[in-house]
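Just so you know, residue 1 is the first one in the sequence shown, and it goes up from there. Not measured: the values here are computed from a predicted model.
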Amino acid sequence: MNTARPRIVVLDGYTLNPGDLSWEPLEALGDCVIHDRSLAPQIVPRAANAPLVLTNKTPLTADTIDQLPHLQYVGVLATGYDIVDVSAAQRRSIVVSNVPAYGTRSVAQMVFAHLLNLTQHVGDHAAAVRGGRWSDADDWCFWQFPLVELEGLTMG
């Protein structure tokens, strides 16, 4: 029985995890090598002998895939998979997957942040205050835009 742990290479871990997540669950699955970023000339040397490669933005072209004879699986750490030459992977029976529900909560959170910024103009207000507009205001209060109460409003 082969008990060797598979080699897992993450080509551009920083795009997914700038330091706020733990790699421990992935490290429990195999011998992991996690690179923050990988330039095109670094991909083949870094992924050599790895059956499992994870990427987010680092492209895996047909030429690159052809130079990785041990490659069996490519995991794209995003919702798409257009950075992988899927036809080249398919010719070699390499499984390619993505994360279809990636970022669902954070996307919803960002939507609300933008909605609030559109109605409250937080970014514009902060920039104006930094630019001295509040200090120069004639009144104790400083507003560039009318206050918008969200209660009772309908979006859409």
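- Here the closest non-hydrogen pair linking W140 and W134 is O-NE1, 2.9 Å.
- The shortest heavy-atom contact between R5 and E27 is NH2-O, 2.7 Å.
- For Q90, the CD atom is loosely surrounded, since the number of other residues' heavy atoms within 6.0 Å does not exceed 12.
- Of the inter-residue distances, the one linking Q42 atom CD with D12 atom CG reads 11.5 Å to the nearest 0.5 angstrom.
- Side-chain contact between T58 and I43: present, with at least one pair of heavy atoms (C-beta onward) separated by less than 4.5 Å.
- Within 6.0 Å of OH on Y73 lie more than 12 heavy atoms contributed by other residues, nucleotides or ligands.
- Formation of a donor-acceptor pair under 3.5 Å by the R92 side chain with backbone atoms of Q72 is not found in this model.
- Using a 4.5 Å cut-off on side-chain heavy atoms (C-beta onward), V33 and R46 make no contact.
- Remark: W23 CH2 is packed, more than 12 non-hydrogen atoms of other residues, nucleotides or ligands lying under 6.0 Å away.
- Using a 4.5 Å heavy-atom threshold, the side chains of V9 and L54 count as separate.
- Not a single donor-acceptor pair under 3.5 Å links the side chain of N56 to the backbone N or O of A78.
- Heavy atoms of other residues, nucleotides or ligands lying less than 6.0 angstrom from CZ of F142 number more than 12.
- Crowding of Q109 atom CD: a count of heavy atoms from other residues, nucleotides or ligands under 6.0 Å not exceeding 12.
- Atom CG of D20 sits in a crowded spot, with more than 12 heavy atoms from other residues, nucleotides or ligands closer than 6.0 Å.
- Rounded to the nearest 0.5 Å, atoms CG (N49) and CZ (R7) are 6.5 Å apart.
- Here the closest non-hydrogen pair linking T79 and P100 is CG2-O, 3.8 Å.
- Between V10 and L26 there is a side-chain heavy-atom pair separated by less than 4.5 Å.
- For F145, the ring pair (Phe, Tyr, Trp, His ring centres under 6.0 Å) criterion is met by H121, not counting sequence neighbours.
- Of all heavy-atom pairs spanning V76 and V96, the tightest one is CG2-CG1, 4.5 Å.
- Closest of all the heavy-atom pairs between I65 and D85 is CD1-O, 3.6 Å.
- Taken from CG in L71 to CG in L60, the straight-line distance is 7.5 Å, to the nearest 0.5 Å.
- The main-chain N or O of V148 is found under 3.5 Å from a side-chain atom of Q120 such that the two form a donor-acceptor pair.
- Here CG of L77 is found 7.0 Å from OG1 of T55. Values are rounded to the nearest 0.5 Å.
- To the nearest 0.5 Å, atoms CE (M110) and CG (L115) are separated by 12.0 Å.
- Between G80 and N98, the shortest heavy-atom distance links the atoms O-CB, 3.4 Å.
- In this structure, OG1 in T61 is found 11.0 Å from CD1 in I83, a value given to the nearest 0.5 Å.
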